[in-house]
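Keep in mind that what you see is a predicted model, and the values were worked out from it rather than measured.
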Number of protein chains: 2
Amino acid sequence: MKKQTLLLIFAIIFMHISTYSQQALWGGQQIISPEINDDNSVTFRLFAPEVTAVQITGDFLPTEKIQTPYGEMDAPGKAELAKDEKGIWSFTTNALTPELYGYSFIVEGLTISDPNNPFLIRDVGTVTNVFIISGEQADLYKVNDIPHGTVAKRWYASSGLDMKRRLTVYTPPGYEQSTEKYPVLYLLHGAGGDEEAWMDLGRTSQIMDNLINQGKAKPMLVVMPNGNVIQDAAPGEGRDGFYKPQFMVSKQMDGTYEENFMDIVNFTENNYKVIADKEHRAIAGLSMGGYHSMHISRYYPNTFDYVGLFSAAFVPRDGVTSKVYENIDETLKSQKENGYKLYWISIGTSDFLYDANQEFKQKLDDLDMNYQYSESEGGHIWRNWRVYLSDFVPLLFK
Amino acid sequence: MKKQTLLLIFAIIFMHISTYSQQALWGGQQIISPEINDDNSVTFRLFAPEVTAVQITGDFLPTEKIQTPYGEMDAPGKAELAKDEKGIWSFTTNALTPELYGYSFIVEGLTISDPNNPFLIRDVGTVTNVFIISGEQADLYKVNDIPHGTVAKRWYASSGLDMKRRLTVYTPPGYEQSTEKYPVLYLLHGAGGDEEAWMDLGRTSQIMDNLINQGKAKPMLVVMPNGNVIQDAAPGEGRDGFYKPQFMVSKQMDGTYEENFMDIVNFTENNYKVIADKEHRAIAGLSMGGYHSMHISRYYPNTFDYVGLFSAAFVPRDGVTSKVYENIDETLKSQKENGYKLYWISIGTSDFLYDANQEFKQKLDDLDMNYQYSESEGGHIWRNWRVYLSDFVPLLFK
């Protein structure tokens with residue numbers, strides 16, 4: 001290339017890099033982090049010559065016990081990085097099993113993202129770096145060279161809430177050209193989440209593309225609404241602009257969402273090529289979304305043939321007055337009498353909601369309601385919810 | 001609430017916060033950063049008691065001269081944060097004019113994101129925190145309480161490139177219910193960008209929603225493809241998984257994209273309610289995307305009635321052999337003879353491509369081709385490209 005061209009290219013590169021330069025550009029530091037080694041160990045690197053200590057914390061490290069005002073709890077473990085003569089800190093894990101992992105660095109007591117890894121997922125107000133170790137279950141989380149569905153961020157008018165609200169809609173590969181009509185899974189997030197959570201933390205479009213391509217799941221729509229009725233959209237995506245997201249927002253579990261849920265169903269059925277009957281509607285959710293799914297499916301007891309409760313937050317609603325919660329047993333009985341195909345409950349054995357889920361099972365037993373129950377290891381974490389989704393979806397609409 | 005409920009809620013919150021805790025939870029540090037004050041000054045805060053120096057760098061600070069192997073260049077300025085007795089570092093700017101701003105902290109020489117601000121935009125391999133000062137032009141970048149279009153991430157089959165490829169499609173409010181057909185703007189990114197750049201860095205859906213709502217722009221589709229022909233999708237969104245994004249990828253400006261561009265036009269016209277004629281097609285792009293727009297619009301010289309070149313990278317293609325670049329003057333002449341409605345060139349007065357754009361204007365003058373030319377302050381930056389888009393779109397399809 002001519003010198004003039006090189007100079008132009010350099011100038012363009014410089015414009016970008018200099019804006020918020022992450023590395024000493026002229027030191028020639030071309031750091032790769034994370035680097036997944038052939039044996040599935042992972043090396044993390046950070047160029048920080050002036051710093052005296054760097055640690056890493058991530059869900060691939062053994063947990064540590066920490067003291068809290070509420071007693072001893074498990075917290076993600078930490079490991080020390082070592083510094084070389086060039087000022088590059090590094091740490092290599094043991095061989096890791098296939099999974100989507102998250103991590104952060106800790107520099108002088110400050111938790112930071114890895115400046116060499118732009119792949120970040122937001123959970124409530126925190127962003128965390130991620131990487132994937134391929135194989136087994138984790139292959140469902142990857143974008144493989146197969147047909148892909150479309151993911152749309154769309155707004156619907158909620159007449160009940162008198163608000164334009166945003167939701168995420170996954171339509172399966174071939175949907176646009178097809179003359180078929182499809183079934184729908186309504187997939188609900190937990191407290192702290194929003195209409196982006198199942199896509200970003202849950203890898204829903206990747207899981208759906210892969211399961212459909214493998215013939216394990218029927219092509220279906222997945223509608224991911226926002227369960228925080230005071231929000232029109234995820235933080236930063238709505239009329240409230242950028243603000244610090246909170247874990248619990250008001251009116252999350254007071255019946256308002258359940259009461260207005262048919263706005264979402266009606267919007268979907270009026271706007272997409274879907275089969276608008278009970279046999280072709282599923283509802284599932286994690287934690288608060290499991291709570292919502294339980295209540296919505298019994299409050300509209302002849303609407304959903306498939307219900308999935310993933311680590312559902314069965315929390316008492318004593319202080320809340322809503323007609324939604326007035327006749328829980330009666331509506332469950334109606335749901336039973338009206339019939340359904342699958343009522344699915346999954347929970348991790350170390351989830352703090354384990355006992356609450358056993359109590360709820362007992363209630364279903366007392367009411368003589370059928371359900372399918374599965375336990376996994378671990379607690380109240382996305383790793384489990386991705387697995388539960390992958391296990392639940394193949395059971396739908398068959 | 002009952003104690004049991006409180007404990008459950010605490011446990012859920014703890015699960016989330018502890019995973020990658022950004023703050024000393026038990027220290028009760030509820031940091032807000034950035035905080036936009038009433039006078040439009042902004043306060044940044046960082047809780048880092050163990051750290052000895054914190055700076056901020058951002059595009060609202062005066063630039064600094066730095067030395068590079070290619071001579072003196074402007075780099076974003078820095079400011080020092082001051083520490084209080086609790087270990088909270090802070091800095092307050094002067095009153096800022098309305099704009100979307102970006103910033104990072106520098107801790108012990110290490111550039112990091114603000115852990116209290118989850119709003120980040122990726123540019124090539126770097127993520128930067130952002131915030132908006134409302135008013136004037138910047139109000140176009142906000143999500144206002146108005147009708148919103150839909151943004152879809154969709155895959156098309158490029159027969160020419162033998163690849164499934166991802167693109168972003170903005171459809172205007174009301175598109176889905178409408179029986180109308182719409183015009184289309186093809187909007188191309190620069191080197192280092194991809195099908196996400198115009199949405200994330202360019203605020204395209206917000207600009208379109210706002211301009212359409214104000215009656216300043218016609219409702220139209222905006223199709224944002226990926227101009228890197230070796231990629232199927234943005235880094236992390238395609239079959240190559242997560243990897244460190246590079247500024248220049250191969251085959252970006254060798255004619256391949258231009259040669260296969262009609263795959264994108266055909267896909268759009270076969271899949272959306274659009275008017276498939278020259279009068280209802282516009283093409284525009286920034287930097288490399290301006291280069292692509294110029295070449296595509298003359299290589300298919302009877303296809304686009306509107307052409308927008310934003311800080312276009314008119315770089316020599318001496319070493320490249322492609323039939324696309326063989327008959328530049330002849331095809332420009334054909335484009336002129338076939339006629340067009342608008343040929344729009346915009347450039348910043350301190351852009352390093354300023355002279356190259358003047359040379360291109362001279363070429364158009366020599367060929368007696370009409371164009372509309374506008375200059376702005378500043379250089380090769382997204383701040384300008386958002387303005388150029390906002391200025392260009394109202395001129396289309398009228």
Side-chain angles (χ1 to χ4, degrees), chain A residues 1-2 5 8 10-16 18-20 22 32 48 50-51 70 75-76 104 107-113 115-116 118-119 122-128 131 142-143 145 148 150-155 176 191-192 236-239 241-242 244 247 271 315-316 318-319 352 380, chain B residues 1-2 5 8 10-13 15-16 18-20 22 32 48 50-51 70 73 75-76 104 107-113 115-116 118-119 122-128 131 142-143 145 148 150-155 176 191-192 236-239 241-242 244 247 271 315-316 318-319 352 380:
Chain A
M1 275 190 284
K2 277 192 179 169
T5 314
L8 279 170
F10 167 78
I12 304 178
I13 293 176
F14 180 78
M15 282 290 157
H16 280 256
S18 73
T19 314
Y20 309 102
Q22 297 285 4
I32 299 293
E50 297 170 39
V51 160
Y70 297 86
S104 301
V107 172
E108 317 279 8
L110 183 66
T111 304
I112 67 164
S113 303
N116 287 290
F119 304 109
R122 179 179 64 82
D123 191 5
V124 195
T126 302
V127 291
T128 304
F131 64 94
K142 293 169 61 181
V143 179
D145 193 10
H148 301 291
T150 298
V151 176
K153 306 283 183 178
R154 192 162 167 191
W155 294 74
E176 288 90 347
E237 299 292 333
R239 60 188 183 184
F242 298 148
K244 187 167 183 172
F247 181 74
N271 281 275
V315 294
D318 307 312
F352 65 94
H380 208 69
Chain B
M1 275 190 283
K2 278 191 178 170
T5 316
L8 279 169
F10 168 77
I12 305 178
I13 293 174
M15 282 291 155
H16 280 254
S18 75
T19 314
Y20 307 101
Q22 298 283 6
I32 299 292
E50 297 171 38
V51 159
Y70 297 86
M73 289 207 181
S104 300
V107 172
E108 317 277 6
L110 182 66
T111 303
I112 67 165
S113 303
N116 287 292
F119 303 109
R122 181 179 63 81
D123 192 5
V124 196
T126 302
V127 290
T128 303
F131 64 95
K142 294 170 63 182
V143 179
D145 192 10
H148 302 290
T150 299
V151 176
K153 307 282 183 177
R154 194 166 165 186
W155 294 74
E176 289 90 348
E237 300 291 334
R239 60 190 184 185
F242 298 148
K244 187 167 182 172
F247 182 76
N271 281 274
V315 294
D318 308 312
F352 66 94
H380 208 68

Partner chain A: residue of B:G236, B:A152, B:G241, B:P118 with the largest heavy-atom pair count (under 4.5 Å): B:P118
Sub-4.5 Å side-chain heavy-atom contact between A:V107 and B:I112: no
Between B:R239, B:R154, B:K153, the one whose heavy-atom pairs under 4.5 Å with chain A are most numerous: B:R154
NZ on A:K244 to CD1 on B:I32, rounded to 0.5 Å: 5.0 Å
Side chain / backbone / both / neither for B:D145 at chain A, heavy atoms under 4.5 Å: both
Toward chain A, the part of B:R122 with a non-hydrogen atom under 4.5 Å: side chain
Residue pair B:A48 / A:L110: nearest heavy atoms and the distance that separates them: CB-CD1, 4.2 Å
Side chain / backbone / both / neither for B:K142 at chain A, heavy atoms under 4.5 Å: neither
From CZ (A:F119) to CD (B:E237), nearest 0.5 Å: 8.0 Å
